[in-house]
Amino acid sequence: MSKKRFASVWDAIEETPAQAENMKLRSALIIALKDHIARTGLSQSEAAKLLGVTQPRISDLMRGKIQLFGLDTLVNMIGAAGLHVEMRISDAPDQKAT
């Protein structure tokens with residue numbers, strides 16, 4: 001019995017490649033925000049003011065509740081934090097022309 005290997009956990013658990021890509025982006029943005037908050041030593045209340053959200057939203061972010069955050073919201077929070085997002089698009093490994 002051979003095991004299928006996945007490049008990401010999202011590829012393994014999401015139903016479609018599109019959903020997996022969305023989750024990969026959201027998780028990367030959440031990790032960046034969590035790292036920024038930790039690195040700058042902000043309290044959840046201070047982070048909420050900086051990012052223009054409520055403290056309970058920061059609590060959700062810090063606990064990794066990814067399903068509660070859309071890409072637009074996360075990009076807006078990244079910008080409010082003074083961070084910059086760069087994006088690179090390429091063919092999916094299994095869809096490249098041979």
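No hydrogens, no waters, no symmetry mates; every other heavy atom, side chains included, goes into these values. Numbers here simply count residues along the sequence, with the first being 1.
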With sequence neighbours excluded, residues passing side chain to side chain donor-acceptor pair (under 3.5 Å) with Glu46
Ser43
The criterion is side chain to side chain donor-acceptor pair (under 3.5 Å); which residues satisfy it with Arg26, sequence neighbours excluded?
Asn22
Using side-chain heavy atoms (C-beta onward) and a distance below 4.5 Å, is [X] in contact with [Y]?
| X | Y | result |
| --- | --- | --- |
| Ile66 | Trp10 | yes |
| Leu61 | Ile37 | yes |
| Leu68 | Arg57 | yes |

Do Leu25 and Ile31 sit in one hydrophobic cluster, given that two such residues count as connected whenever their side-chain heavy atoms are within less than 4.5 Å of each other, even indirectly?
no
Shortest non-hydrogen pair, Ala32 vs Ile78, comes out as CB-CD1, 4.1 Å
List the atom of Ala81, the atom of Leu50, and the distance in Å for their closest heavy-atom pair.
CA-CD2, 4.2 Å
Apply salt bridge (Lys or Arg N to Asp or Glu O under 4.0 Å) to Lys24 and list each qualifying residue two or more places apart in sequence or on a separate chain.
Asp11, Glu21
Residue pairs involving residues 33-42 (criterion side chain to side chain donor-acceptor pair (under 3.5 Å); sequence neighbours excluded):
His36-Arg39
Show which residues join Ile89 in its hydrophobic cluster (side-chain heavy-atom contacts under 4.5 Å, direct or indirect), or state none.
Met87
Determine which pairs satisfy salt bridge (Lys or Arg N to Asp or Glu O under 4.0 Å) with at least one residue from residues 61-78, sequence neighbours left out, and list them in order.
Asp60-Arg63
In terms of heavy-atom contacts, does CD of Glu15 have more than 12 from other residues, nucleotides or ligands at under 6.0 Å?
no
When rounded to the nearest 0.5 angstrom, what distance separates CG in Leu51 from OG1 in Thr73?
11.5 Å
